[in-house]
There are 2 protein chains.
Amino acid sequence: MSEPLEGAELLCADAVGDVIEHWGFRKALGRVWAILYLETVPLGAADIAQRLTMSAGAVSTSLGELQRWGVVRRVWRPGERKEYFEAETDFWKMISKVVSERERFLAESVKDRLDRAATSAEAAPKSAKRAHVLERIKRLSAFANVAQAVLDSFIQSQRADFQKFGNLLSLTRAAKVAKEAS
Amino acid sequence: MSEPLEGAELLCADAVGDVIEHWGFRKALGRVWAILYLETVPLGAADIAQRLTMSAGAVSTSLGELQRWGVVRRVWRPGERKEYFEAETDFWKMISKVVSERERFLAESVKDRLDRAATSAEAAPKSAKRAHVLERIKRLSAFANVAQAVLDSFIQSQRADFQKFGNLLSLTRAAKVAKEAS
DNA sequence: CTGAATTTTCAGAACATTCTGAAAGTTCAT
DNA sequence: ATGAACTTTCAGAATGTTCTGAAAATTCAG
């Protein structure tokens, strides 16, 4: 139950890995999540390591991180020492959590620094240059605020639309798959 | 005209650098853009290098990349060998170009790979497992499509709203700044 | 054309990230 | 309580990225 993977599942895992890497996470995170997503049953760490040819350490840290992001869950089986893991399957839940958490942190830190920059600029002697710098800093701050607002509203209000759209698509897909499957 | 920078401008440049880095580009790109954004006049490469304490090489590649992303423009001065550069100031123009270009490329490549994964999975003997894997791959594909659609519509339709919101904010800001500036 | 000014390129250095493998730590069935 | 089963941690290796500095290429005023 766990040769190194090949074929469809590996292809998939690597594709997801690349997307995730493109989004600024480690590729391993995407690969591990994908493997769990494609499985019918929860997997143990050692199993994942073998399928993806990763070391125990890499799997352990990846699973830890995935859980912190809330995209993988731990599953206990009664009377078993071993821990099993399964993937969160609700894409929206994952996206919204990750986007909100990541951007919220960044937004705070950046707004802080721009405020400090503005204060520092105000300390300079008045001049056309100073006024220009101040105006540009204010514009940057304003943009940060707008961006945050847009992201927030996207996360909150678009959720319904997104799900509706998504469900529609996956329903047509599911119908097609059901027809195909034997 | 170009000691190593300090104070407000450096603070700003580094803040922008970090944001940009968080979005998966080199920090240097953000810093160079920010310096140009804060300046009243176009700057030459050597000038930028000194202000940000970067090597000529780093500045050259950064400016090249920024131009390819359309967020920095080259400016000629008649009878001058030297090239000058200025920042694009329309945030939306920048965001939409970068987002669309980056995500379009990724979306294509990923959809391709998922299709190949599906084909490969179909080659396996029919079984409950195969059906499940296929269904999950289809869901991933569907999600990729939805995500692309959402991004596209965001880029196109939200543009108006975004600009309206942004202008509102920057107008109030501009008024305040104008009042302050002597 | 020429050559000085300027930009681009690129090999290697410096730095940063991620992985491995094994030791240390934890947990639970007994 | 014990110890086998399993997980986490971490130092060092491997890998990947970005920068430097100088050589090569380009450009344009004269």
Side-chain angles (χ1 to χ4, degrees), chain A residues 1-2 4-5 13-14 16-33 35-36 42-69 72-86 102, chain B residues 1-2 4-5 13-14 16-33 35-36 42-69 72-86 102:
Chain A
M1 178 48 112
S2 56
L5 222 50
D14 287 341
V16 172
D18 285 352
V19 174
I20 255 44
E21 188 176 35
H22 201 77
W23 273 76
F25 300 91
R26 309 199 329 269
K27 190 193 307 229
L29 262 48
R31 302 212 315 145
V32 169
W33 177 86
I35 282 308
L36 293 176
L43 297 179
D47 203 343
I48 296 169
Q50 284 176 294
R51 297 194 191 196
L52 294 177
T53 329
M54 294 168 64
S55 70
V59 171
S60 175
T61 54
S62 296
L63 283 171
E65 209 164 326
L66 287 168
Q67 281 173 279
R68 260 183 285 117
W69 283 109
V72 157
R73 271 186 304 273
R74 196 178 296 231
V75 169
W76 270 287
R77 287 195 181 162
E80 282 233 47
R81 169 73 191 84
K82 196 150 109 184
E83 289 170 333
Y84 291 84
F85 300 88
E86 67 182 11
R102 259 179 61 142
Chain B
M1 179 47 113
S2 56
L5 222 50
D14 287 340
V16 173
D18 285 351
V19 175
I20 255 45
E21 187 176 33
H22 200 78
W23 273 76
F25 300 90
R26 309 199 330 269
K27 190 192 306 228
L29 262 47
R31 302 212 316 144
V32 170
W33 177 86
I35 283 308
L36 293 175
L43 297 179
D47 203 342
I48 296 170
Q50 282 176 295
R51 297 195 191 196
L52 294 177
T53 329
M54 292 168 66
S55 70
V59 171
S60 175
T61 54
S62 296
L63 283 171
E65 209 165 325
L66 287 168
Q67 282 172 279
R68 260 184 285 116
W69 283 110
V72 157
R73 269 187 305 274
R74 194 177 298 228
V75 170
W76 270 286
R77 287 194 181 162
E80 281 234 49
R81 168 72 190 83
K82 197 151 108 183
E83 290 170 331
Y84 291 84
F85 300 87
E86 67 183 10
R102 261 181 59 144

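Here is the naming used below: chain letters follow the sequence lines, and residue numbers restart at 1 for every chain. Note: hydrogens, waters and symmetry copies are ignored here, and every other heavy atom, side chains too, is used.
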Checklist entry - Using a cut-off of 4.0 Å on non-hydrogen atoms, how would the nucleic acid contact of B:Gly79 be classed: base, sugar-phosphate, or nothing? => result sugar-phosphate
Checklist entry - In a check of side-chain contact (heavy atoms from CB on, under 4.5 Å) between A:Phe25 and each of A:Ile20, A:Val19, A:Leu66, which one passes? => result A:Ile20
Checklist entry - If each of A:Ala58 and B:Ala58 is mapped to the nucleotide of DNA chain D with the nearest heavy atom, which maps nearer the 5' terminus, i.e. the 5' end? => result A:Ala58
Item to check | Closest to the A:Thr61 side chain, choosing from D:dT9, C:dT7, D:dC6 | outcome: D:dT9
Next on the checklist: Which nucleotide wins on minimum distance to the side chain of A:Ser55, given the candidates C:dT7, D:dT20, C:dT20?
Outcome noted: C:dT20
Item to check | NZ/NE/NH1/NH2 to OD/OE distance under 4.0 Å, B:Arg26 and B:Glu65 | outcome: yes
Checklist outcome for this item: Whole-Å distance, A:Arg26 CZ to C:dT20 P, equals 10 Å
Item to check | Spacing of A:Leu43 atom CG relative to D:dT7 atom P, expressed in whole Å | outcome: 12 Å
Next on the checklist: Is there, by distance only and without an angle test, a donor paired with an acceptor across the side chain of B:Arg81 and the base of D:dT27 below 3.5 Å?
Outcome noted: yes
Checklist outcome for this item: When A:Met54 and A:Trp76 are each assigned the nearest nucleotide of DNA chain C, the 5'-most assignment goes to A:Met54
Checklist entry - If you find the nucleotide of DNA chain C closest to A:Gly24 and the one closest to A:Arg77, which residue's nucleotide is nearer the 5' end? => result A:Gly24
Item to check | Non-neighbouring partners of B:Tyr84 that pass ring-ring contact (aromatic ring centres under 6.0 Å, His included), sequence neighbours left out | outcome: none
Checklist entry - Less than 4.5 Å apart, any side-chain heavy atom of B:Arg31 and any of B:Met54? => result yes
